[in-house]
Amino acid sequence: MAIVNRRIVLAARPHGEPRPEHFRLEEGRMPAPKPGEVLLQTRWLSLDPYMRGRMSAAKSYAKPVEIGEVMVGQTVSEVVASENPAFAEGDLVLSQSGWQDYAVSDGQGLRRLDPADGPPSRFLGILGMPGMTAYAGLLEIGRPKAGETVAVAAATGPVGSLVGQVARLKGARAVGIAGGPEKCAYLTETLGFDAAVDHRADDFPEALARACPDGIDVYFENVGGAVFDAVLPLLNDFARVPVCGLVSGYNLSELPPGPDRSPLLMRAVLTKRLTLRGFIVWDFAALQDDFLRDVGGWLRAGRVQGREDVVEGLENAPTAFAGMLRGANFGKLVVKVS
Ligand SMILES: NC(=O)c1ccc[n+]([C@@H]2O[C@H](COP(=O)([O-])OP(=O)(O)OC[C@H]3O[C@@H](n4cnc5c(N)ncnc54)[C@H](OP(=O)(O)O)[C@@H]3O)[C@@H](O)[C@H]2O)c1
């Protein structure tokens with residue numbers, strides 16, 4: 001009997017929060033590798049906020065997923081058949097197989113993983129794209145100095161949690177912003193952040209000010225919206241703001257109502273001589289070896305850690321993905337596919 005390949009495709013473009021009807025689970029035949037190709041079986045699928053942007057047709061830094069196409073995504077996959085001499089059956093690789101059980105690849109862009117390096121799903125989180133984003137954005141743009149205050153939101157996620165931990169290793173004070181008391185307790189009690197503030201609390205702006213008595217020197221921007229509104233008045237002269245993500249707005253299809261506050265922002269940029277710099281992780285691809293050396297070393301030495309939120313089963317990816325955009329995940333969201 002032919003082996004079935006389950007694939008989750010984009011069924012419709014969402015306006016607002018993604019819902020089940022925006023995805024479709026299809027079943028087809030498992031693909032067969034041609035000469036020069038490998039057949040990959042997905043073990044782990046990474047779910048990341050950027051995927052919301054790919055569901056939209058709006059112009060961005062990467063091309064959208066087309067209706068009917070498999071949702072994009074990085075995977076840890078196993079080579080289950082090889083017609084390519086560079087790969088053998090049983091090899092574990094990082095791949096862009098997307099939301100499906102099986103994919104074929106000509107080997108281009110695959111990165112072989114060494115099982116001796118620990119649980120392979122780490123390469124989707126702390127030792128992968130999100131970890132690299134935190135490392136490069138913080139050190140190249142944020143440039144924290146000892147004694148400075150570094151604030152970061154979405155602080156229990158794979159990007160934010162590493163930003164705070166690396167900030168502390170550099171001698172800075174780390175203030176995490178997260179949704180709810182449980183996430184805040186994890187930041188201070190498990191990850192060693194100096195303070196944590198719940199952005200869902202009614203007194204969030206005042207609590208953030210209390211947690212940053214000397215102001216903020218580096219704000220690593222992951223969320224935007226109301227969190228940025230509370231951060232802006234606290235930024236010190238010459239503060240640096242690596243603009244990494246704006247997840248609070250990913251489900252918005254138009255600008256939120258209210259007065260145009262860009263003059264307020266630009267006045268702060270001018271008078272406080274702020275540096276705001278957007279970046280995409282691959283801008284810093286040249287730092288990949290430094291990242292793996294440093295963060296890999298800190299991880300082995302127990303100086304940093306990464307938490308995973310594991311969802312079982314490819315069919316549960318759409319619900320888990322939509323939940324992540326409103327904070328239902330607690331740690332790096334990965335799907336155990338097989
Ligand atoms: N520039 C790049 O190359 C690049 C690469 C990777 C990631 N990113 C960006 O980095 C950010 C973090 O990514 P991640 O993978 O580490 O995700 P994540 O933290 O695991 O998940 C997103 C988190 O955002 C928080 N959030 C959602 N809505 C919010 C709101 N309205 N206000 C405040 N927080 C809200 C939630 O945490 P709480 O429950 O704590 O609120 C949620 O868990 C995202 O913006 C992502 O797009 C950028």
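What you see below is based on every heavy atom in this structure, not just the backbone, and it leaves out hydrogens, waters and symmetry mates. One-based numbering, in listed order, for ligands and for the atoms of each. Computed from a prediction, not measured in an experiment: that's the story for all the values here.
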Euclidean distance, Y219 OH relative to F228 CZ, rounded to 0.5 Å = 7.5 Å
Rounded to the nearest 0.5 Å, what separation is found between the CG atom of D203 and the CZ atom of R210?
-> 5.0 Å
For [atom], what is the nearest protein heavy atom, given as residue, atom name and distance?
atom	value
atom 42 (C) of ligand 1	M324 O, 3.3 Å
atom 36 (C) of ligand 1	G327 CA, 3.5 Å
atom 19 (O) of ligand 1	G157 CA, 3.3 Å
atom 30 (C) of ligand 1	S248 CB, 3.6 Å
atom 26 (N) of ligand 1	V247 CG1, 3.7 Å

Heavy atom of [X], distance to ligand 1 below 4.0 Å:
X	value
D309	no
L246	yes
C244	yes
R200	yes
P158	yes
N329	yes
Y250	yes

Does the side chain of R43 come under 3.5 Å of the side chain of S77 through a donor N or O and an acceptor N or O?
-> no
F204 vs D198 side-chain heavy atoms within contact, under 4.5 Å = no
Do the side chains of K332 and I126 get nearer than 4.5 Å, heavy atoms only?
-> no
Is there at least one pair of N or O atoms, one from N222 and one from ligand 1, spaced under 3.5 Å apart?
-> yes
Within the structure, does V159 bring an N/O atom to less than 3.5 angstrom of an N/O atom in ligand 1?
-> yes
At under 4.0 Å between heavy atoms, is it the side chain or the backbone of [X] that contacts ligand 1, or both, or neither?
X	result
L333	neither
V281	both
H199	side chain

Sidechain N-carboxylate O distance under 4.0 Å for [X], [Y]:
X	Y	result
R261	D229	yes
R13	E66	yes
D91	R112	yes
D283	R277	no

Which option out of G224, A153, G128, P49 puts a heavy atom nearest to atom 13 (O) of ligand 1?
-> P49
Would you check if the distance from the ring center of Y186 to the ring center of F330 is below 6.0 Å?
-> yes
